[in-house]
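What follows is a short report on a single structure.
Model, not experiment: these values are computed from the prediction. Letters A, B, ... mirror the listed sequences (proteins, then strands); counts begin at 1.
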Amino acid sequence: DVSKRYNLDESLYSDPFIKDLQERKDFIASGFRVDYVYSRMLTEAFM
Amino acid sequence: FRHSSQYRFWSFTPEQLEQRRIEVNAQAVQSIEQDLRNFIDARSTELNEEEIKTIENRAVPVNMEEELKLVNLYAKKVQTIAQRLNLPTEIVATSITFFRRFYLENSVMKIEPKAIVLTTIFLACKSENYFIGIDSFCEKTRGDKEQVLKYEFPLLESLKFSLLSHHPYRPLHGFFLDIQAVLHGKVDLSYMGHIYDRCKKRITDALLTDAVYFYSPPQITLAVLMLEDEALTTRYLELKFHGNDTNQGNAEDEASRGNGNVTIQLDKLMKIVTNCSKLIE
Amino acid sequence: EYTKERKVGEGTYAVVYLGTKQSSGRKIAVKEIKTSEFKDGLDMSAIREVKYLQEIQHENVIELIDIFLAYDNLNLVLEFLPSDLEKVIKDRSILFTPADIKSWMLMTLRGVHHCHRNFILHRDLKPNNLLLSPEGIIKVADFGLARTFPSAQEILTSNVVTRWYRAPELLFGAKHYTSAVDIWSAGVIFAELMLRIPYLPGQNDVDQIEVTFRALGTPTDADWPDVSFFSAYNKLQIYPPPSREELRRRFIAASENALSFLCGMLTMNPQKRWNAVECLESDYFKEAPAPSDPFSIK
């Protein structure tokens with residue numbers, strides 16, 4: 001069953017902790033991407 | 001998940017799990033009784049009648065239920081020690097997991113729990129990239145270096161070399177996000193944050209139960225969410241997997257539910273989640 | 001069940017033997033992990049190899065056949081892979097075509113994609129960790145530096161990936177990097193396959209920064225937001241990025257799509273760098289020549 005069972009839509013999430021990291025220079029410069037974090041959490045939830 | 005070593009090596013039906021524990025205990029009992037016979041035979045001249053009687057009355061192997069009680073008692077000690085070391089939640093969870101799995105392969109009568117507690121935490125730290133050198137680890141835990149290292153291999157072997165654990169914490173984060181999407185605008189976010197923290201604690205407690213062998217991490221997460229807020233969780237699952245909500249959402253809702261060709265039947269899922277929450281309770 | 005017939009390699013923490021799986025006659029490699037060397041018990045690299053290879057089953061990742069303890073040593077039984085891309089690149093008697101390169105890149109990226117979709121970073125991709133099976137199949141190997149994607153606030157060491165294949169964010173000491181570091185390595189490998197010489201061979205970590213930016217231009221906050229945040233940024237020599245024409249001249253055999261594919265993987269800003277899916281779905285793999293059949297590659 002390859003359907004992802006979720007749709008990743010950052011605009012729908014209020015996740016202050018992650019959103020804060022997204023603003024930090026050391027995270028931005030390192031290549032940190034919020035969608036990678038969300039994708040991982042949602043994949044683990046629907047695995 | 002079905003490709004993971006956690007599923008391949010460490011998921012059982014309740015019957016299989018009980019059978020495994022019975023076998024581990026029986027093997028130990030058999031070898032201990034053999035040892036006792038050898039012991040008595042080797043000293044038949046020295047031991048008098050009463051001493052032999054005492055040995056036979058006192059040196060009685062523990063049964064499977066007693067073993068399980070002892071393992072559960074020490075599993076909580078693993079949790080306490082790991083939390084006292086301020087280890088991240090995931091590493092506490094991995095320590096508990098390693099410890100409990102170890103006693104699905106070994107009897108407490110062969111390796112006493114006290115001897116293995118620190119090794120499970122030490123290996124969990126290494127395995128989760130939270131490396132603590134043996135010297136500082138033993139300083140912090142007042143452990144014996146030789147003993148901690150001595151059991152690392154037997155632990156690794158008993159774990160069938162499966163070190164990557166999927167714990168229910170990331171699924172909790174995932175459902176925290178998806179609930180916001182599916183119930184968009186209908187959930188109080190500060191309330192969600194409050195639930196989130198309580199669920200994390202419940203998950204750590206759930207790892208001390210056999211739920212981890214019977215259910216997948218997301219199922220445990222949903223069970224814990226159900227225990228925290230049945231109405232919210234039920235509503236979310238109905239909207240997500242049934243889609244026949246009274247106020248049928250528009251296409252956007254449909255999309256946010258990610259229904260696609262989802263093959264999950266709500267009633268089956270609810271039964272699994274409810275059974276799991278009962279076990280955790 | 002397993003024999004060790006011939007020693008074929010020795011590393012810091014392991015000795016590798018060739019052998020046979022008796023029951024099937026299958027050729028195997030046995031990686032015997034030395035245990036005495038590490039005062040803190042089992043070596044971290046060994047733990048990582050065991051941890052991640054246990055979870056990954058994919059045609060383009062080396063197969064862990066079995067694990068056993070013997071005489072206090074941990075033995076990993078791996079599939080037998082007689083060659084690797086480094087040997088192929090260095091051996092001038094071997095001629096290979098753009099179709100061959102495309103086949104190797106396709107297999108490499110499939111293996112890398114499988115790691116990434118399982119949220120595992122490899123962190124040491126380089127030609128001699130891309131092994132070749134007797135059928136010519138590329139297998140990603142050596143997971144001694146691998147780790148799962150970090151949880152958001154986790155601090156990662158930037159001292160990973162063999163220097164020549166190290167992404168710029170690692171050269172700057174980044175602590176919150178992502179799977180983009182593996183894609184950079186794949187890009188440098190692609191360049192090396194086309195040039196048949198190392199593309200960014202820095203003499204040391206400082207020289208590596210110099211060599212990288214001289215070849216690909218020094219990043220600025222405009223194309224890589226907050227890159228100037230890194231403390232190492234201030235002492236940098238500023239080089240202009242190469243024009244498309246310069247790249248064409250440098251990679252004479254590369255098509256336009258191949259150049260775009262290369263630039264996608266070697267994008268300075270890790271947030272904008274192509275991920276494994278974008279690489280696999282790129283036009284480079286859709287245009288002629290089709291990737292060679294691995295078995296046919298000499």
Side chain, backbone, both or neither: which part of [X] has a non-hydrogen atom closer than 4.5 Å to chain A?
X        : value
C:Gln271 : both
C:Phe229 : side chain
C:Ala152 : both
C:Tyr177 : both
C:Lys272 : neither
C:Pro219 : neither

Next item on the list: Kindly give the heavy-atom pair with the smallest separation between C:Met268 and C:Glu169, and that separation in Å.
Entry: O-OE1, 4.3 Å
Next item on the list: For residues A:Arg33 and C:Thr178, report the shortest heavy-atom separation together with the two atoms involved.
Entry: N-CG2, 4.4 Å
Next item on the list: Sort out for me which of A:Phe32, A:Tyr36, A:Phe27 touches chain C most, counting heavy-atom pairs under 4.5 Å.
Entry: A:Phe27
Check: Looking at C:Lys175, C:Arg117, C:Gln153, which one has more heavy-atom pairs under 4.5 Å with chain A than the rest?
Finding: C:Gln153
Item checked: A:Leu21 versus chain C, the contacting section by heavy-atom distance below 4.5 Å -> side chain
Checklist line | Axial cation check for A:Phe46 ring with A:Lys4, 6.0 Å and 45° limits | finding: no
Next item on the list: Evaluate the ring planes of C:Phe172 and C:Phe230, with Trp represented by its six-membered ring, and classify them as parallel (under 30°), tilted (30 to 60°) or perpendicular (over 60°).
Entry: parallel
Notebook entry, point to check: Sub-3.5 Å donor-acceptor pair from the side chain of C:Ser45 to the main-chain atoms of C:Leu145, do we have one?
Noted result: no
